[in-house]
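Each chain gets a letter, A, B and so on, in the order the sequences are listed, and its residues count up from 1. Quick caveat, the model's predicted, so the values are computed rather than measured. These values consider heavy atoms only, across backbone and side chains, with no hydrogens, waters or symmetry-generated copies.
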Amino acid sequence: MEYILMIIGAVLVNNIILAQFLGICPFLGVSGKVETAAGMGAAVLFVMTLATLVTSCIQTYVLIPLDITFLQTICFILVIAALVQMVEIILKKISPKLYQALGVYLPLITTNCAVLGVAILVTQKDFNIMESTLYAISSALGFILAIVIFAGIREQLDLVKVPKGMQGVPIALITAGILAMAFMGFANLV
Amino acid sequence: MSKMNILTKGFFKENPTLVLVLGTCPSLAVTTSVNNALGMGLATTFVLMMSNTIISLLKNVIPDKVRIPAFIVVIATFVSIIDLLIQGYIPALASSLGIFIPLIVVNCIVLGRAEAFASKNSVFDSLLDGIGMGIGFTIALTIIATAREILGSGSFLGHKFIPGDGILVFVLAPGAFIIFGLTIALVRFIQSKVHHKN
């Protein structure tokens, strides 16, 4: 039950994009079409789960026992960068199809603050490794939900006449604001 | 390009947040009050200044193929330094900015300036560019935070001058998106006017 509440909380109530402001760059950058948004979402789900699993293992078995938690930022960002490269190389070898689908998005993920953000957040919340991984999966699902809905709205926005100064990013941000308002309706769910 | 131009281009003409739309996460997350915005802006300015200088010094030593990881290590070092300094000397700021201080590492402005400017220009020019871009980022955060703090809690820099609760939505997430969007639109409007005059 506790885990179900955590999943609902991370997907709907504390949505990683619309409530915690992590990963706004890909949210604005690759939300032009629903398919590309879903591709980006899948890549984030994959990398975020793996990265959080690895970083929380490093935190528990290396950084805390050696008392060097001040190296956390450097250590985590290097692990994530290396992991993304590795995933890219492995995917290219074993599943060229998946690589082609996710390929373009993978390098972008290194500088996606959502991945590093979740890795640091779970250490601040003192989650164990299993809870951390579950939290990462549900955060990524929240990311997919938000970016796919947003891409759907933006596809419709293309058909509307928008005032010149508001075209592009400004109208997208205001749409995101209204979407965030809708998500606030979930506030008392958990 | 003159030295003065390198310094001031980040303020308005190439403002990293409002014109180039980089570093959007902190501009939405920490702009609930002007205090937080100034703290975040100055911390990022420090990181930009130092990382630009060091990367420019090392530009001939770092092999081209591994430059991005090398840049990230330099940036992460300075982020850790400023993180520990803020935790030590301004704990109140550290708790209100929270996870967004370590996340300066993945702020696209910092890596973007390292790649686009510091790895190609002289040390002094890179230092100026870092300071200029940092100040531009701080200006943008302060504009957004001023609007959100006045509308949302009726105060400025913590001094309350409008009685009552304010419009709560501007302190919460939706207000951040809407104010940011309107600020970008306003900047575009001003730019088109300036452009028109010339």
Shared hydrophobic cluster, Val30(B) / Ile99(B) (ILVMFWY, side-chain heavy atoms < 4.5 Å): yes

Other residues, nucleotides, ligands: >12 heavy atoms within 6.0 Å of Phe161(B) CZ: yes

Enclosure of Lys92(A) NZ (heavy-atom neighbours >12, cutoff 6.0 Å): no

Exceeds 12 heavy-atom contacts within 6.0 angstrom, atom NZ of Lys13(B): no

Heavy-atom proximity to chain B below 4.5 Å, by part of Gln72(A): neither

Heavy-atom proximity to chain A below 4.5 Å, by part of Val187(B): neither

Gap between atom CE of Met166(A) and atom CG of Leu182(B) - 0.5 Å precision: 5.5 Å

Rounded distance [0.5 Å steps], NZ in Lys164(A) versus OG in Ser192(B): 6.0 Å

Leu172(B), part contacting chain A, at a heavy-atom distance under 4.5 Å: side chain

Hydrophobic cluster identity match, Val169(B) and Leu18(A), side-chain contacts under 4.5 Å: yes

Per-residue contacts, residues 171-180 of chain A versus chain B, heavy atoms under 4.5 Å: Leu173(A), Ile174(A), Ala176(A), Gly177(A), Ala180(A)

Per-residue contact mode, Thr77(B) against chain A (heavy atom under 4.5 angstrom): both

Gap between atom OG of Ser80(B) and atom CD1 of Ile74(A) - 0.5 Å precision: 4.0 Å

Any donor-acceptor N/O pair, Arg188(B) side chain to Pro170(A) backbone, under 3.5 Å: no

Atom pair CZ (Phe177(B)) and CZ (Phe21(A)), whose distance is rounded to the nearest 0.5 Å: 5.5 Å

Which atoms of Phe189(B) approach chain A - backbone, side chain, both or neither, heavy atom under 4.5 Å: neither

Heavy-atom pairs under 4.5 Å with chain A, option from Thr24(B), Val73(B), Ile68(B) with the top count: Thr24(B)

Shared hydrophobic cluster, Leu38(B) / Ile150(B) (ILVMFWY, side-chain heavy atoms < 4.5 Å): yes

Segment of Leu84(B) engaging chain A (4.5 angstrom heavy-atom cut-off): side chain

Cluster overlap Met184(A) with Ile167(B), hydrophobic side-chain contacts below 4.5 Å: no

Interface residues of residues 117-138 of chain A facing chain B - non-hydrogen atoms under 4.5 Å apart: Gly117(A), Ile120(A), Leu121(A), Gln124(A)

Rounded distance [0.5 Å steps], OG1 in Thr73(A) versus CG in Leu103(B): 8.5 Å

Separation between CD1 of Ile81(B) and CZ of Phe70(A), rounded to the nearest 0.5 Å: 11.5 Å

ILVMFWY network linking Ile58(A) to Tyr61(A), side-chain heavy atoms under 4.5 angstrom: no

